[in-house]
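The block underneath contains the structure these notes are about, expressed in structure tokens.
Order of listing sets the numbers, starting from 1, for every ligand and every atom in it. Just so it is clear, the values below take in all heavy atoms, side chains as well, and ignore hydrogens, waters and symmetry mates.
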Amino acid sequence: MLMVSEEVREALATGRPVVALESTIIAHGLPRPRNLQVALELEEAVRQEGAVPATIAVLDGQPHVGLDKEQVERVANEDGIRKLGHRDLPLAIATGASGATTVSATALLAAQAGVRVFATGGLGGVHREWTLTQDESADLGLLARTRITVVCAGVKSILDVPATLQRLETLGVAVAGYGTDRFPGFYLSDSGHPVEWTLESPGEVAAVMRAQDTLDGPAAALIIANPVPGAQQLDPALHARVLADALHACEAEGVSGQAVTPFLLDHLVRHTDGASLEANLAAVRGNVRLAGRIAAAWAQV
Ligand code: PSU
Ligand code: MN
């Protein structure tokens, strides 16, 4: 059922490093036409680190691990491309739908294909106003039962960050800062919250992955929280102001469910003159490169 591209299949069979990339950020997280450029640029960044990129999406009911250029173009430009969490996968497969995969769906398909390292921008998590909406991303629950290493710039700052960190603890998902003891804030280098473990090199991350396997506890993920470089972060004062506006607009327009995250991200892009987009891209680029290096270290284990 899984369509694993020839390049990815060969890399996996010969023990070469592979990095999974999600597609929701391309289809629903970034504006056109920049999204296509970014998708291709991220794949190139993985290659520069000596790893093979495996962008994941569902096309015409077929889950793909590793896309060719034409398929990446479909994800970036096709109207009506859906946003698929892991619960949506059987529905998309059975109905022949096409959709971009979120962190939860990407992690599931990557793990099934045997890809251990995955890069994204920011994870989903507990939304502010959770007590009213019960909106918690399916990313968290899926990562609690999938053995994969996710490199991210923390969780999206549109979320309730401390509540999300607490949920990760409750769910038993390991979290480590990469070169920092502060949990990153997606557009910001520091979310204002600490992280209890710090790892300093791809080799150290690979050693933790090996320890996960040796210990053989519940199959949970390892989250490597990699901050956007300080010089490329969004100005924190601008971030605070525009985010408050975005949350108001979301409530005023009655946006709910799957549409919330894309709505907020788009609002930030439009009201920061694109500065949030640049910070988002800087974070994703850094994560993709680090994931390439971690995959290389893992391939040596
Ligand atoms: N990171 C980004 N941009 C995004 C996302 C992550 O930089 O658009 C996506 C991921 O696919 C994540 C999803 O899984 O947002 C979370 O959506 P929700 O809150 O509806 O679960
Ligand atoms: Mn949600």
Side-chain angles (χ1 to χ4, degrees), residues 20-32 34-35 38-39 41-42 55-58 75-76 81-89 99-110 118-130 132-144 146 148 150-161 163-164 167-168 173 184-188 191 221 223 225-228 232-234 239 246-247 250-251 255-269 276-288 291:
L21 300 170
E22 61 139 314
S23 46
T24 291
I25 177 168
I26 303 307
H28 304 288
L30 299 170
R32 291 181 194 163
R34 191 75 187 274
N35 61 344
V38 171
E41 182 197 319
L42 295 179
T55 303
I56 294 181
V58 178
V75 171
I81 193 122
R82 301 184 69 121
K83 173 177 165 182
L84 308 175
H86 68 94
R87 72 167 184 163
D88 303 308
L89 291 171
T101 49
T102 68
V103 168
S104 76
T106 308
L108 175 70
L109 294 172
F118 168 23
T120 182
L123 300 182
V126 180
H127 283 258
R128 297 163 195 238
E129 308 268 293
W130 180 88
L132 295 175
T133 60
Q134 305 272 297
D135 188 350
E136 172 185 326
S137 177
D139 292 356
L140 301 187
L142 193 279
L143 293 177
T146 305
I148 195 159
V150 188
V151 184
C152 59
V155 302
K156 282 180 284 269
S157 56
I158 57 174
L159 301 169
D160 184 335
V161 176
T164 304
R167 284 292 291 151
L168 288 168
V173 180
F186 188 53
Y187 300 119
L188 307 177
S191 67
I223 294 177
N226 182 40
V228 63
Q232 287 165 286
Q233 74 170 348
L234 189 58
H239 175 262
L247 293 165
C250 192
E251 205 195 321
V255 179
S256 66
Q258 276 198 327
V260 170
T261 296
F263 176 89
L264 291 173
L265 294 178
D266 176 62
H267 193 282
L268 266 100
V269 172
S276 79
L277 177 59
E278 295 313 317
N280 187 348
L281 292 180
V284 182
R285 270 188 217 113
N287 296 341
V288 165

Exam field: side chain N280 to backbone S276, donor-acceptor pair closer than 3.5 Å: no
Ligand 1: protein residues within heavy-atom distance under 4.0 Å: E22, T24, I25, G29, K83, T102, V103, T120, G121, G122, H127, S137, D139, K156, F186, T261, L265, N280
CZ (R87) with more than 12 external heavy atoms under 6.0 Å: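 For R87, atom CZ is not crowded (no more than 12 foreign heavy atoms under 6.0 Å).
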In Å and rounded to the nearest 0.5 Å, what is the [atom1] to [atom2] distance from [X] to [Y]?
X	Y	atom1	atom2	result
Q233	Y187	CD	OH	13.0 Å
L123	D139	CG	CG	6.0 Å
I158	R128	CD1	CZ	8.5 Å

Min side-chain heavy-atom separation F186-L188 under 4.5 Å: no
Close side-chain approach of H28 and I81, heavy atoms under 4.5 Å: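 Heavy-atom side-chain distance check passes, below 4.5 Å.
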Partner residues of T164 under the side-chain hydrogen bond (donor to acceptor under 3.5 Å, both in side chains) criterion, sequence neighbours left out: none
All side-chain contact (heavy atoms from CB on, under 4.5 Å) counterparts of E41, not counting sequence neighbours: R285
Proximal protein heteroatoms (N, O or S) of the Mn ion (ligand 2), under 2.8 Å: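 The answer is D135 OD1.
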